[in-house]
Amino acid sequence: MNNTIDFLYLASIIVFVFGLKGLAHPETARRGNLIAAGAMGAAILISIFAPMENGDNNYLWILGGMVVGSVIGLISAKKVAMTKMPEMVSLFNGLGGACAMLIGIVEFKNLDPITPMMSGAVFANLFALFIGSVSFTGSIIAWGKLNGSLRDTLKLPAPQVINLVTLLLIIGGSAWTMMQPELDMTLVFALLALSLFYGVAFVSPIGGGDMPVVISLLNSFTGIGATGAGLIYGNNVMIIGGILVGASGIILTVMMCKAMNRSLINVIIGGLGSGG
Amino acid sequence: MDTNVLFIELFLAQYLPIITILVLASFLGMEIIGKVPTVLHTPLMSGANAISGVVVIGAIILIRNAAADDYLTLGMGFLGICLAMINVVGGFAVTNRMLDMFKKKNK
C-alpha cells in the first residue's frame with residue numbers, strides 16, 4: 001500500500017513539474033497555473049487518504065482548516081487590486097512560511113524521547129523552524145514596506161553586523177542543540193526568537209524599490225522550508241515540490257535582478273549599506 | 001576510529017538517496033524555467049509561491065498523527081492548515097487573475 005501512495009505522490013510531482021514549466025512560457029502560463037493547482041489538489045487528497053499506522057486522523061480538524069483557509073485565500077485573491085498584487089503574494093508567502101514554522105515547533109514538542117539529538121530528524125526540524133520563521137517575518141516586513149505602512153522607518157543600527165551575528169548565533173545554537181544529551185525546549189524557543197528576528201533584520205534595511213526581488217528570494221526560502229518540513233515526514237512531494245520552488249525561485253530572483261541591471265549581492269548588501 | 005567509520009557509513013546509507021534527489025531536483029528546478037520573459041516574472045513568482053504552499057501536507061500529516069485529545073497539536077495543526085491553504089488557494093487564484101490580464105493585453 002505504501003508503494004501505491006509513493007507512486008501517486010510521484011505522479012503529482014511530475015504534474016507539478018509540467019505546471020511550473022508551463023508557467024515560464026507566455027502561451028502556456030495560464031494552463032501551467034491550472035495544472036500546478038491540479039497537482040496540488042491531488043497531492044493534498046493523497047495525503048488526506050493515505051493509510052497511516054497510528055494517530056486518530058482527526059478529519060474534522062483538517063476539513064475545518066482547509067475550508068477556513070480556502071475561503072480567506074479566495075476572497076483576498078478576488079478583492080485585491082491589480083496594483084497590490086506583489087504585496088499580496090508577499091503576505092501569502094509569509095503565511096506558508098508560518099506553516100513550516102508551526103510544524104517545526106509542534107514536531108519538537110511531539111519529538112519521540114528516544115530520538116538521538118544528533119540525527120537527521122532533529123536537523124530537519126531545526127531547519128524547517130529556521131527557514132519558516134525567516135520567511136514568515138521577512139515576508140511580513142516586505143508586505144508592510146510595499147503597502148506603505150512601514151515606509152523604510154524601520155532601521156537598525158549597523159545592520160550588517162546585526163545580521164551576521166544573528167545568523168552565527170542561529171547556526172551555533174542549532175549545533176549546540178544537536179550536541180545536547182536530550183531536547184532542551186528553552187534552546188528551541190531561543191532559536192525560534194532569533195530566527196523570527198533574523199527575518200526582520202534581513203529585510204528591514206532593503207529599500208522598498210527592491211522588494212519584488214526580496215519577495216522572490218523569500219518565496220524561494222519558503223520552498224526550501226517546505227523541503228525541510230518534508231524531510232521530517234520523509235514525504236517526497238513536499239521534499240521535491242519544495243526544492244523545485246527553492247531552486248527555480250533563486251534563478252528567478254537572479255533574473256529579476258538582471259532585469260533591473262543589478263546583482264543579487266548588490267541588492268542585499270547595497271540595501272544594507274544604504275540602511276546603515 | 002571504527003565507530004566513527006560506522007557512523008559515517010550509516011549516515012550515508014540513510015541520507016545519500018535523499019541528498020541525490022535534492023541535488024537532481026535543484027538542477028531540474030533551475031533548468032525548468034529557462035528564459036522567462038520579464039512580463040512573466042511576477043506571475044511565475046506568484047505561481048511558484050502557491051506551489052510552496054505544499055507545506056500544507058505537513059500540517060495535514062501532523063493532525064492525522066495526533067491523538068484526538070491532543071488539543072495543542074490539533075490547534076497548531078489547524079492554524080497551520082489555514083495559513084498554508086490561504087497561501088495555496090490565494091496564490092493560484094491571484095496568479096490566474098494576473099495571467100487573465102496578460103491575455104487581454106496580448107489581444
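A, B, ... follow the sequence lines: proteins, then strands. Residue 1 opens every chain.
- Annotation: the span from A/Phe18 atom CZ to B/Ile32 atom CD1 amounts to 8.5 Å, rounded to 0.5 Å.
- Proximity to chain B (any heavy atom under 4.5 Å) is shown, for A/Leu218, by neither the backbone nor the side chain.
- Interface remark: B/Ser46 contributes backbone and side-chain atoms alike to the contact with chain A (heavy atom separation under 4.5 Å).
- The shortest heavy-atom contact between A/Ala259 and B/Thr38 is CB-CG2, 4.1 Å.
- In terms of heavy-atom pairs under 4.5 Å with chain B, the best-connected choice from A/Ala50, A/Gly32, A/Gly41 is A/Ala50.
- Contact of B/Val88 with chain A is made through the side chain alone, with heavy-atom distances under 4.5 Å.
- With chain B as the partner, the residue from A/Asn93, A/Asn236, A/Thr227 showing the most heavy-atom pairs under 4.5 Å is A/Asn93.
- Both the backbone and the side chain of A/Ile215 come within contact range of chain B, each with at least one heavy atom under 4.5 Å from a heavy atom of that chain.
- Nearest heavy atoms, B/Arg97 versus A/Met82: O-CE, 3.5 Å.
- Atom CG of A/Leu60 has 12 or fewer heavy atoms from other residues, nucleotides or ligands within 6.0 Å.
- No part of A/Ile75 comes within reach of chain B, as not one of its non-hydrogen atoms sits under 4.5 angstrom from that chain.
- Contact count versus chain A (heavy atoms, under 4.5 Å) is highest, among B/Val56, B/Val89, B/Val55, for B/Val55.
- With a 4.5 angstrom heavy-atom cutoff, A/Asn110 touches chain B only via side-chain atoms.
- Contact tally against chain B (heavy-atom pairs below 4.5 Å) for A/Val80, A/Val68, A/Ile224: the top residue is A/Val80.
- Here OG1 of B/Thr73 is found 9.5 Å from CG of A/Asn58. Values are rounded to the nearest 0.5 Å.
- Side-chain contact between B/Ile61 and A/Met52 is present, with heavy atoms from C-beta onward closer than 4.5 Å.
- Identified by a heavy-atom distance below 4.5 Å to chain B, the contributing residues of residues 84-91 of chain A are A/Met85, A/Met88, A/Val89, in residue-number order.
- When all heavy atoms are compared, the tightest approach of B/Gly47 to A/Leu23 is CA-CD1, 3.9 Å.
- Interatomic distance, B/Met98 CE to A/Arg30 CZ, rounded to the nearest 0.5 Å: 13.5 Å.
- Counting heavy-atom pairs under 4.5 Å between each of B/Ala93, B/Ala68, B/Ala84 and chain A puts B/Ala68 at the top.
- Within 6.0 Å of OH on A/Tyr233 lie more than 12 heavy atoms contributed by other residues, nucleotides or ligands.
- Formation of a donor-acceptor pair under 3.5 Å by the A/Asn219 side chain with backbone atoms of B/Met45 is found in this model.
- Contact tally against chain A (heavy-atom pairs below 4.5 Å) for B/Asn49, B/Leu22, B/Leu83: the top residue is B/Asn49.
- Contact tally against chain B (heavy-atom pairs below 4.5 Å) for A/Gly65, A/Ala100, A/Ser76, A/Ala247: the top residue is A/Gly65.
- Counting heavy atoms of neighbouring residues, nucleotides and ligands inside a 6.0 Å radius, atom OH of B/Tyr71 does not exceed 12 of them.
- Each of B/Asn96, B/Leu28, B/Leu24, B/Leu74 has some count of heavy-atom pairs under 4.5 Å with chain A, and the biggest count is that of B/Leu74.
- The CD1 atom of B/Ile81 lies 9.0 Å from the CD1 atom of A/Ile103; values are rounded to the nearest 0.5 Å.
- Contacts between B/Ile21 and chain A at a heavy-atom distance below 4.5 Å involve the side chain alone, from C-beta outward.
- Residues B/Ala25 and A/Leu244 come closest through the heavy atom pair O-CD2, 3.8 Å.
- A/Lys109 meets the salt bridge (charged side-chain N to carboxylate O under 4.0 Å, His left out) test with B/Asp70; sequence neighbours excluded.
- Using a 4.5 Å cut-off between heavy atoms, A/Met40 touches chain B through its side chain atoms alone.
- Contacts of B/Ala67 with chain A are made by both backbone and side-chain atoms, with heavy-atom separations under 4.5 Å.
- Interface check for chain B: of the options A/Ile46, A/Asn57, A/Val17, the most heavy-atom pairs under 4.5 Å are formed by A/Asn57.
- With a 4.5 Å cut-off on non-hydrogen atoms, B/Leu79 touches chain A through its backbone and its side chain both.
- Sorted by first and then second residue, the ring pair (Phe, Tyr, Trp, His ring centres under 6.0 Å) pairs involving residues 14-44 of chain B (not counting sequence neighbours) are B/Phe11-B/Tyr15.
- Side-chain contact between A/Ile48 and B/Ile60 is present, with heavy atoms from C-beta onward closer than 4.5 Å.
- Contact count against chain A (heavy-atom pairs under 4.5 Å) is highest for B/Ala66 among B/Gly75, B/Gly80, B/Pro37, B/Ala66.
- Pairing each heavy atom of A/Phe92 with each of B/Asn87, the nearest pair is O-CG, 3.3 Å.
- Atom CD1 of B/Ile33 and atom CG of A/Leu252 lie 5.5 Å apart (nearest 0.5 Å).
- The distance from atom OG of B/Ser52 to atom CD1 of A/Ile243, rounded to the nearest 0.5 Å, is 12.5 Å.
- Each of A/Val71, A/Asn235, A/Ile105 has some count of heavy-atom pairs under 4.5 Å with chain B, and the biggest count is that of A/Asn235.
- Both the backbone and the side chain of B/Leu44 come within contact range of chain A, with heavy atoms under 4.5 Å apart.
- Applying the side-chain hydrogen bond (donor to acceptor under 3.5 Å, both in side chains) rule to pairs touching residues 241-258 of chain A yields A/Ser216-A/Thr253, sequence neighbours excluded.
- With a 4.5 Å cut-off on non-hydrogen atoms, B/Leu40 touches chain A through its side chain but not through its backbone.
- Across all non-hydrogen atoms, the minimal contact from B/Ile57 to A/Ser47 is CG2-CB, 3.6 Å.
- Counting heavy-atom pairs under 4.5 Å between each of B/Val36, B/Val39, B/Ile18 and chain A puts B/Val36 at the top.
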